[in-house]
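Structure first, commentary second.
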There are 2 protein chains.
Amino acid sequence: MTVSRTAEKSSEKPADAGKGRKDAGELQTEALQLGELSEQLGYVLKRAQLKVFENFLRCMASLQLTPAQFSVLLLVEKNPGRNQTEIASTLGILRPNFVAMLDNLESRDLCARIRSTNDRRSHILVLTDKGKAVLARAKKLVATKHEARLNDLLGQANREALIGMLAKIANEF
Amino acid sequence: MTVSRTAEKSSEKPADAGKGRKDAGELQTEALQLGELSEQLGYVLKRAQLKVFENFLRCMASLQLTPAQFSVLLLVEKNPGRNQTEIASTLGILRPNFVAMLDNLESRDLCARIRSTNDRRSHILVLTDKGKAVLARAKKLVATKHEARLNDLLGQANREALIGMLAKIANEF
DNA sequence: TGATAATTGTTATGGACCATATCAAATATC
DNA sequence: GATATTTGATATGGTCCATAACAATTATCA
């Protein structure tokens, strides 16, 4: 496995390696054989994940939300009043790394830290009005431009089966 | 989306956030609701990918091969005589980043760079005898300990369907 | 109650991975 | 034969991830 995300204009497009063949005399460079690689779970998983994140970023360009930021907003909306540790650990984010992330979201007035009155060590997280509005718009963009693409590609039934299998791997592998 | 790999002993296990409940008086911390997050393609994809890579590393601990290194060995074996640019770009690795990777594999005598006689700029890549032997052992470990786990979890048919859908996403999304 | 331990948010820091610019050597192009 | 391109390589910066450590606060319990 491996595969890097690689931006738009990059000449490292993984798929078409071995192009740029010489039209001249010598035996031209044929495309490489992926072989067993295309059957390797990790390889294809990683490649798919990079493509999906890439598409997500494009869809959310107008809102400037990364997948991670989107997940934070979603989780805070669904679980208002939780502290940083709870939100971060649920998302698999280490607390130290969550600080800068929140600094960013807070500086954009999307969410706010509130000192808890019960436990003055912790910061309760809530979405601001702007945060709720942005998240609502983000959800629509994701649904119509991002997730909808999966239905076009796989069909509704396969899409649900895929999500289910991935969830099973994530939880039981 | 988000989710970090998180080693074994970490206290950041994403699943069981909201444990450590206080047995004392106050209303204890209930588990957080993932909500729409568990249906987000990117979120579940990333989580599954991390789990799979984690398991891959465990299975290959005796050979000390990362997923990326394994993919390089596989590709070089399948396509002997190709140069660094071809192998790297096929895997989506940028050439500058491929140098250190090859330095590593070469220092372990798993593969070798050979100056091409046709084009003295390029380095032809080949597996050493040790490289072939290690790769053979790696394949067996992956097949029996890693990929086999997918069959146990999903069944043969679902496993193939999953790989197919992921490949489709990787290529057409 | 008061000493000690644990928790929370935070900072600092280092590692792994990824991306770009740039270079010398070699080759291609015209 | 002058110029452009390609190849492997170096240097460098960015992002993400992980650990240690700290101050403030709270829990524990002798």
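Lettering of chains follows the sequences in order, A, B, ..., and the numbering in each one begins at 1.
The backbone N or O of B:Ala61 lies less than 3.5 Å from a partner atom in the side chain of B:Gln64, making a donor-acceptor pair.
Separating the NZ atom of B:Lys46 from the P atom of C:dC17 is a distance of 12 Å, rounded to the nearest angstrom. Separating the CZ atom of A:Arg115 from the P atom of D:dA24 is a distance of 11 Å, rounded to the nearest angstrom. Between A:Arg82 atom CZ and C:dT7 atom P there is a gap of 17 Å when expressed in whole angstrom units. Straight-line distance from the CG atom of A:Leu50 to the P atom of C:dC17: 14 Å, rounded to whole Å.
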Quick test: give all pairs of protein nitrogen or oxygen and nucleotides 10-14 of chain C nitrogen or oxygen below 3.5 Å, distance rounded to 0.1 Å.
unit_1	atom_1	unit_2	atom_2	d
C:dT10	OP1	A:Arg113	NH1	3.2
C:dT10	OP2	A:Gln84	OE1	3.0
C:dT10	OP2	A:Gln84	NE2	2.9
C:dT10	OP2	A:Arg113	NH1	2.6

If you look only at distance, which donor and acceptor atoms sit under 3.5 Å apart when one is on a side chain in residues 158-166 of chain A and the other is two or more places apart or in another chain?
unit_1	atom_1	unit_2	atom_2	d
A:Asn158	ND2	A:Leu154	O	3.0
A:Arg159	NH2	A:Glu147	OE1	3.4
A:Glu160	OE2	A:Gln156	NE2	2.5

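For A:Leu94, taking side-chain heavy atoms from C-beta onward, the closest of the listed nucleotides C:dT27, D:dG8, D:dT19 is D:dT19.
Results of the side chain to side chain donor-acceptor pair (under 3.5 Å) test with A:Tyr43 over A:Gln40, A:Arg47, A:Lys46 single out A:Arg47 as the only residue that passes.
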Yes or no on side chain to side chain contact (heavy atoms under 4.5 Å, CB included) for B:Cys59 and B:Val142, after CA distance, side-chain angles and deciding distance?
CA-CA 7 Å; B:Cys59 294; B:Val142 168; over 6 Å; no
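Listed by first then second residue, pairs satisfying side-chain hydrogen bond (donor to acceptor under 3.5 Å, both in side chains) with a partner in residues 123-136 of chain B read B:Gln84-B:His123, B:Arg115-B:His123, not counting sequence neighbours.
If you take CZ on B:Arg108 and CG on B:Leu63, they are separated by 8.5 Å, rounding to the nearest 0.5 Å.
Close to C:dG9, at under 4.0 Å from its OP1 or OP2, lies a side-chain N or O of A:Thr85. Using a 4.0 Å cut-off, no side-chain N or O of B:Arg121 falls inside it from OP1 or OP2 of C:dT27.
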